Amino acid sequence: MADCSGTKYAHNPILAEEPPAIHVTGFRDPYLAPWPEMDGLRGQGSSLYGLISGGIHGQGPRTFLYSVDPTDLTRWTYLHPLVVDIPNNFVPSNKWSGDLGVNWECTNFVTLSHGRHTRTVLIPGSEGGHERPWVTLHHEKHPASARRAPRYGNWFFGHLQKHDDKVQMHIGPAGLIDWGILYAANTFQAPDGRRLLWGWIIEEDLPNAVLANKGWTGCMGLPRELFLQVTEHVVGALSSSLDSVGSFDLVHGKTDSVVTLGIRPAEEIGQLRRSLLYDHSPSPIKPSRRCLVDSPLSCEIAACIHVFESTKSISIVIRHSSDHSIQTRIVFDCKKETLSVLRNDSTNRSEVNTSPEIGSHTLLRLADTTDTGCIEPLRLRVFIDHDVIEVFANDRFAIATRVYTPVEHTGITLASEGGGWVEELKIWEIASTQDDREPESQMGK
């Protein structure tokens, strides 16, 4: 603990160690916030609650719940583990969520509301999870490339229940805060009430020797807003049944309502926009491959694209060379219901990990006069800042990664298989966070 001047608090540590008689896998990353629902179930007055992340050997990942005196923040009273029904390497939904690992980090809780709907969300980062199968396959083909430690930035809706003298959380629908490399997410409430999230974009795709020469590694991702996304009059998903989408909480009625965690760039990110580089008029996606623009190294792409029943995929190809031999492809696969960043051709450097980033994403079918409903458009926002790529879709999906592409390759192209209709596609130059740095893609050559 320190005051705002940076003076170290004289009476550290507040907590010297983990609770007695618990064999923990980790014990770190305190999070502190009010929790009125917890107060009500415990029959307490206004209090604060602290979470310490970790796990218990042989039992699974855990977050340890403390009651904190709001008049004296040095007084933490251990209550019990908040969640107890999660074994090691539990995966709530094979397609729609991540591995909850063996140890949690940076766990925080938020309560979000939209109209009559309220959900409590727990956001733990997990370590000790199994490697994603497509990453394993990549390393079998490219054994010399750098390897990452498997980590997952998870979220799930939790339901608090009182059992005797304990109030514990049972998990419900679950997903990922980010399907790529953004990790260790933490949240805070902005003065206007929005819940904002910051996360760390880990840098492990370069060999250790290259990272050591750089003198620094990783960066913060764009600030993101979390909210409760509620979609009414839903009759289905693009390919899957609604009941099988593990990140959706269904409210049944004449038509279904889908409740899930919303995630989008914080609105202030719009202030980074500079000159408009490209503005696509509404039209079908042409099958011929054509470079839309050679962009600066920092830009934003915003697109609204309608898919048809015949559409197989929509792609935005970025950071590509004139002959497309070097490229990164952002691909929405309608049949597989995946949104991927395919990096295998992003560089010719064999020591760089270019495994794909693959996330699960579907579009909703909304009630109309047809049996199958109308398909919501694919709404994308893609941010490129030198080697950092962040992709957002339909305000409920995010994936972050890095590419180590030579700086001269900056082409952007739109493509589809099976057709599609562009309602909007704009590309802006944006203010860069790296203007005064040597481009990372030139390092280690």
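If you're wondering where the values come from, they're calculated on a predicted model, not measured in any experiment.
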Pair I171-F90, side chain to side chain contact (heavy atoms under 4.5 Å, CB included): steps then yes or no | CA-CA 12 Å; I171 73 170; F90 179 63; 3.6 Å; yes
Given V331 and K336, is the side chain to side chain contact (heavy atoms under 4.5 Å, CB included) satisfied, shown in steps?
-> CA-CA 11 Å; V331 182; K336 294 181 180 179; over 6 Å; no
How far apart are the C-alpha atoms of R62 and E18, what are their side-chain angles, what is the distance that settles it, and do they pass the salt bridge (charged side-chain N to carboxylate O under 4.0 Å, His left out) test?
-> CA-CA 12 Å; R62 296 289 184 268; E18 65 270 14; over 6 Å; no
Full working for side chain to side chain contact (heavy atoms under 4.5 Å, CB included) between D345 and T328 | CA-CA 6 Å; D345 294 322; T328 294; over 6 Å; no
Step by step, work out the side chain to side chain contact (heavy atoms under 4.5 Å, CB included) result for Q189 and R195.
-> CA-CA 5 Å; Q189 184 168 301; R195 178 63 62 168; 3.8 Å; yes
For side-chain hydrogen bond (donor to acceptor under 3.5 Å, both in side chains), just list the numbers for S239 and E337, CA-CA rounded to whole Å, side-chain angles, deciding distance to a tenth of an Å, and then say yes or no.
-> CA-CA 7 Å; S239 297; E337 294 172 303; 4.5 Å; no
Worked verdict on S145 versus H139 for side-chain hydrogen bond (donor to acceptor under 3.5 Å, both in side chains) = CA-CA 7 Å; S145 61; H139 287 301; 3.2 Å; yes
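Salt-bridge formation is detected for the pair R194/E268: a Lys NZ or Arg NE/NH1/NH2 atom is positioned less than 4.0 Å from an Asp or Glu carboxylate oxygen. With respect to D249 and R119, a salt bridge is recorded, a charged nitrogen being found less than 4.0 Å from a carboxylate O. Salt bridge annotation for R132-D99: absent, with no cationic side-chain nitrogen under 4.0 angstrom from a carboxylate oxygen.
Atom CG of D164 has 12 or fewer neighbouring heavy atoms from other residues, nucleotides or ligands inside a 6.0 Å radius. Other residues, nucleotides and ligands contribute over 12 non-hydrogen atoms within 6.0 Å of the CZ atom of R28. Around atom NE2 of H233, no more than 12 heavy atoms belonging to other residues, nucleotides or ligands sit under 6.0 Å away. A 6.0 Å sphere centred on CG of N344 holds more than 12 heavy atoms belonging to other residues, nucleotides or ligands. Crowding of K95 atom NZ: a count of heavy atoms from other residues, nucleotides or ligands under 6.0 Å exceeding 12. More than 12 heavy atoms of other shown residues, nucleotides or ligands fall within 6.0 angstrom of atom CG in D85.
Nearest heavy atoms, T405 versus S346: OG1-O, 2.7 Å. Closest of all the heavy-atom pairs between L242 and D256 is CD1-OD2, 3.8 Å. The two residues L380 and A393 make their nearest non-hydrogen contact at CD2-CB, 3.8 Å. The heavy-atom pair separating Y49 from L79 by the smallest distance is CE2-CD1, 4.3 Å. In terms of heavy atoms, P377 sits closest to C304 at CB-SG, 3.7 Å. The two atoms that bring G373 and R365 nearest to each other are O-NH1, 4.2 Å, heavy atoms only.
Side-chain contact between L250 and V245 is absent, with no heavy-atom pair separated by less than 4.5 Å. Residues Y78 and I52 fail the side-chain proximity criterion, which asks for heavy atoms closer than 4.5 Å. Looking at L196 and P223, their side chains never come closer than 4.5 Å, going by heavy atoms from C-beta outward. By the 4.5 Å heavy-atom criterion applied to side chains, H159 and T120 are not counted as neighbours. Contact annotation: the side chain of S67 approaches that of S47 to within less than 4.5 Å [non-hydrogen atoms, C-beta and beyond]. Looking at V102 and T25, their side chains never come closer than 4.5 Å, going by heavy atoms from C-beta outward. T231 is not listed as a side-chain neighbour of E376, based on a closest heavy-atom distance of 4.5 Å or more. Contact of the T187 side chain with the L226 side chain is registered, since non-hydrogen atoms from C-beta on lie closer than 4.5 Å.
Ring pair F27/F64 is tilted by interplanar angle, where 30° to 60° counts as tilted. Using cut-offs of 30° and 60° for the angle between ring planes, the H11 and Y9 rings count as perpendicular. Taking the six-membered ring where the residue is Trp, Y31 and F109 present perpendicular rings, their angle passing 60° and hence far from 30°. Between F156 and W104, the angle of the ring planes lies from 30° to 60°, which puts this pair in the tilted group.
When only modelled atom types and interatomic distance are considered, S298 and D385 share a side-chain donor-acceptor pair under 3.5 Å. Checking N353 against S355 by side-chain atom types alone, a donor-acceptor pair falls below 3.5 Å. No side-chain donor from either of E127 and Y183 sits under 3.5 Å from a side-chain acceptor of the other.
With hydrogens and angles ignored, the 3.5 Å screen pairs a side-chain donor or acceptor of Y152 with a backbone N or O of H130. In terms of modelled atom types and a separation under 3.5 Å, the side chain of N89 and the main chain of G128 share a donor-acceptor contact. Proximity of a side-chain donor or acceptor of T260 to a complementary backbone N or O of S247 within less than 3.5 Å is detected. For the pair D69 (side chain) and R75 (backbone), a donor-acceptor distance under 3.5 Å is absent. A distance-only check finds no donor-acceptor pair linking the side chain of N154 to the backbone of L100 [under 3.5 Å]. With E390 contributing its side chain and L222 its backbone, the two residues share a donor-acceptor pair below 3.5 Å. Checked by atom type and distance alone, the side chain of T401 never pairs as donor or acceptor with a backbone atom of I389 at under 3.5 Å. Side-chain atoms of T347 come within 3.5 Å of backbone N or O of R349 as a donor-acceptor pair.
Sequence neighbours left out, not one pair with a member in residues 31-55 passes salt bridge (charged side-chain N to carboxylate O under 4.0 Å, His left out).
Under the side-chain contact (heavy atoms from CB on, under 4.5 Å) criterion, L272 pairs with I269, I430, A431, not counting sequence neighbours. Take K166 and apply the salt bridge (Lys or Arg N to Asp or Glu O under 4.0 Å) test, not counting sequence neighbours, and it matches no residue. For the side chain to side chain donor-acceptor pair (under 3.5 Å) test, no residue two or more places apart in sequence or in another chain qualifies with E267. With sequence neighbours excluded, the residues forming a side chain to side chain donor-acceptor pair (under 3.5 Å) with T107 are S53, listed by chain and number. Looking at residues two or more places apart in sequence or on another chain, you find a salt bridge (Lys or Arg N to Asp or Glu O under 4.0 Å) between E204 and R151.
Going from atom CG of L15 over to atom OG1 of T74 covers 10.0 Å, rounded to the nearest 0.5 Å.
Between F227 and H114, the ring centre distance reaches or exceeds 6.0 Å.
Looking at R402, R319, R343 one by one, the single match for salt bridge (charged side-chain N to carboxylate O under 4.0 Å, His left out) with D387 turns out to be R319. Under the ring-ring contact (aromatic ring centres under 6.0 Å, His included) rule, H361 has a single partner from W96, F248, F332, which is F332.
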